[in-house]
There are 2 protein chains.
Amino acid sequence: MPGSDVLDPTALLRAAGLKVTRGRVAALVALGEHSHSSAEQLHTHIAAGGVPMTLQAVYLSLQVLTEHGVLRRIEPAGSAARYELRVGDNHHHLVCTGCSRVVDVDCMVGEAPCLLPADAHGFSVQETELTFWGVCPDCAAQAATTREEGAA
Amino acid sequence: MPGSDVLDPTALLRAAGLKVTRGRVAALVALGEHSHSSAEQLHTHIAAGGVPMTLQAVYLSLQVLTEHGVLRRIEPAGSAARYELRVGDNHHHLVCTGCSRVVDVDCMVGEAPCLLPADAHGFSVQETELTFWGVCPDCAAQAATTREEGAA
DNA sequence: GGAATTTCTTGAATCGATCAAGTCTCCACG
DNA sequence: CGTGGAGACTTGATCGATTCAAGAAATTCC
Ligand SMILES: [Mn+2]
Ligand SMILES: [Mn+2]
Ligand SMILES: [Zn+2]
Ligand SMILES: [Zn+2]
């Protein structure tokens with residue numbers, strides 16, 4: 001079924017004017033399968049896929065891809081930077097305070113920027129970063145189990 | 001004029017059940033005068049105020065004060081953690097992409113949490129963190145000057 | 001004022017990320 | 001095809017922010 005592939009790494013790289021290399025392709029594929037992963041997580045996934053690649057090479061690829069707008073980099077407080085392929089769509093993130101899992105949250109108000117401060121203090125606001133912190137279902141279940149065990 | 005003091009470090013510490021020490025008082029006073037400062041900036045301010053205190057001691061004090069809810073700690077992406085005395089009022093921050101300066105932004109919708117995601121994905125949302133990124137007046141002026149010089 | 005508790009100092013270590021120099025790969029051109 | 005040169009990748013060092021650990025000093029409560 002041609003065209004059913006969600007991601008064409010080669011096309012993405014060519015469109016960005018970047019060389020098509022094994023490492024970059026591997027990084028893009030890994031990100032397509034594991035969005036919001038850290039550099040180390042991606043390195044692990046890439047290695048598991050059979051592509052030999054240094055962690056530093058992963059960092060380099062992610063840096064270049066981010067600089068060229070192919071990737072988006074987010075830095076939730078208290079955890080390593082995460083990367084994703086969704087760029088330029090003004091979506092937001094929900095971060096679990098237990099396991100640092102990150103999931104996408106669409107903007108609830110409309111187009112970008114979906115929110116502006118009441119008083120900008122003379123700043124020219126270019127980006128509205130909205131991060132929700134909470135506990136994901138898995139962590140909530142785990143906490144419930146732990147409480148039961150403690151009470152028993 | 002008794003009572004005109006904006007901050008009583010000793011009372012704050014006692015209320016939190018913490019020992020009143022020179023270092024903690026110095027940290028609170030410095031924060032009162034320089035909100036949203038980093039640990040190193042606070043250390044510099046404290047030293048300038050004539051109080052001998054190690055950078056590590058500043059980190060320890062900030063950690064304890066944050067754990068006890070006396071301080072709030074924020075971690076803007078790409079810069080060191082900042083601290084402030086405004087706790088529990090659900091206000092937000094405006095960060096300059098040029099100099100990392102941080103200023104307060106009051107919530108524009110109402111009480112906490114002033115915003116909730118359209119789809120919480122099963123998470124129990126506990127905190128809504130909203131960060132605006134932009135360029136502050138000083139940096140904008142500086143950029144304008146630089147451009148003029150470049151054009152001249 | 002003195003003992004017990006905690007905080008502070010000194011120094012090392014950690015984590016995530018970046019830098020630097022040399023080697024290897026991609027790809028445009030012959 | 002075959003090759004040359006820009007630019008990726010590897011290896012190893014380095015960095016900044018923060019934390020950890022053990023002993024010395026300070027604070028609190030009697
Ligand atoms: Mn996302
Ligand atoms: Mn603030
Ligand atoms: Zn979780
Ligand atoms: Zn600025």
Using side-chain heavy atoms (C-beta onward) and a distance below 4.5 Å, is B:L28 in contact with B:V70?
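When only atoms from C-beta onward are counted, B:V70 and B:L28 do touch, with a gap below 4.5 Å.
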Just so I know, are the side chains of B:V102 and B:L94 near enough to count as touching, which here means a heavy-atom distance under 4.5 Å?
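Counting from C-beta outward, B:V102 and B:L94 never come under 4.5 Å.
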Return a table of donor-acceptor pairs under 3.5 angstrom between the side chains of residues 42-57 of chain B and protein atoms on other chains or two or more places apart.
from, atom 1, to, atom 2, distance (Å)
B:H43, NE2, B:M53, O, 2.8
B:H43, NE2, B:L55, N, 3.4
B:T44, OG1, B:E40, O, 3.1
B:H45, ND1, B:Q41, O, 3.1

Find every protein N or O atom lying less than 3.5 Å from an N or O atom of nucleotides 23-25 of chain D, and list the pairs.
none

Does a side-chain N or O from A:S61 land closer than 4.0 Å to OP1 or OP2 of D:dA8, or not?
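Checking D:dA8 against A:S61, no side-chain N or O comes under 4.0 Å of OP1 or OP2.
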Output yes when at least one side-chain N/O atom of A:Y59 is less than 4.0 Å from OP1 or OP2 of C:dT18, else no.
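Checking A:Y59 against C:dT18: no side-chain N or O falls below 4.0 Å of OP1 or OP2.
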Does A:R82 use its side chain to pair, donor to acceptor, with the backbone of A:A80 at less than 3.5 Å?
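Checking the backbone N and O of A:A80 against the side chain of A:R82, a donor-acceptor pair under 3.5 Å is found.
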Taking atom [atom2] of [N] as reference, at what distance in whole Å does atom [atom1] of [X] sit?
X	N	atom1	atom2	result
A:L55	C:dG16	CG	C1'	9 Å
A:E75	C:dA17	CD	P	8 Å
A:E67	C:dA17	CD	C1'	13 Å
B:L13	D:dA26	CG	P	18 Å

Looking at D:dA17, C:dA17, C:dT10, which one has an atom nearest to any side-chain atom of A:A80?
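The listed nucleotide nearest to A:A80's side chain is C:dA17.
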Which pairs pass side-chain hydrogen bond (donor to acceptor under 3.5 Å, both in side chains) with one or both residues in residues 22-36 of chain A, sequence neighbours excluded?
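Sorted pair list: A:H36-A:E84, A:H36-A:H93, A:H36-A:D104.
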Output the residues of residues 38-47 of chain B in contact with DNA chain C, where contact means a heavy atom of the residue under 4.0 Å from an atom of the strand; sort by number or write none.
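Contacts with DNA chain C under 4.0 Å: none.
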OH-CG distance between B:Y83 and B:L62, expressed to the nearest 0.5 angstrom
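Spacing of OH (B:Y83) from CG (B:L62) equals 5.0 Å.
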B:V87: side-chain contact (heavy atoms from CB on, under 4.5 Å) partners, not counting sequence neighbours:
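Partners of B:V87 by the side-chain contact (heavy atoms from CB on, under 4.5 Å) criterion, ordered by chain and then number, come out as B:R72.
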Sorted by first residue and then second, give each salt bridge (Lys or Arg N to Asp or Glu O under 4.0 Å) pair with at least one member in residues 48-57 of chain B; sequence neighbours left out.
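Counting only pairs at least two positions apart or across chains, no salt bridge (Lys or Arg N to Asp or Glu O under 4.0 Å) contact touches residues 48-57 of chain B.
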Residue pairs fulfilling salt bridge (Lys or Arg N to Asp or Glu O under 4.0 Å) with at least one residue in residues 91-103 of chain B, sequence neighbours excluded:
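Pairs touching residues 91-103 of chain B that pass the test: B:R101-B:D138.
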Out of B:L60, B:L13, B:L12, which one pairs with B:L65 under the side-chain contact (heavy atoms from CB on, under 4.5 Å) rule?
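Considering B:L60, B:L13, B:L12, a side-chain contact (heavy atoms from CB on, under 4.5 Å) with B:L65 is found only for B:L13.
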Spell out, yes or no, whether B:Y59 and B:V29 are grouped together once hydrophobic residues are joined by side-chain heavy atoms under 4.5 Å, including indirect joins.
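No; B:V29 is not reachable from B:Y59 via cluster members.
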Identify the two heavy atoms, one from B:C136 and one from B:C96, that lie closest to each other, and give their separation to 0.1 Å.
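Distance-wise, the nearest heavy atoms are N-SG, 3.4 Å.
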To 10°, what angle do the rotation axes through the five end pairs on each side of the helix from C:dG1-D:dC30 to C:dG30-D:dC1 form?
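Overall, the helix from C:dG1-D:dC30 to C:dG30-D:dC1 bends by 30° from one end axis to the other.
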Test of understanding: with salt bridge (Lys or Arg N to Asp or Glu O under 4.0 Å), list the residues that count as partners of A:E75, not counting sequence neighbours.
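With sequence neighbours excluded, A:E75 shows a salt bridge (Lys or Arg N to Asp or Glu O under 4.0 Å) to A:R73, given in chain and number order.
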Under a 4.0 Å heavy-atom criterion, the protein footprint on nucleotides 19-30 of chain C, written with B, S and -, is -------BS---
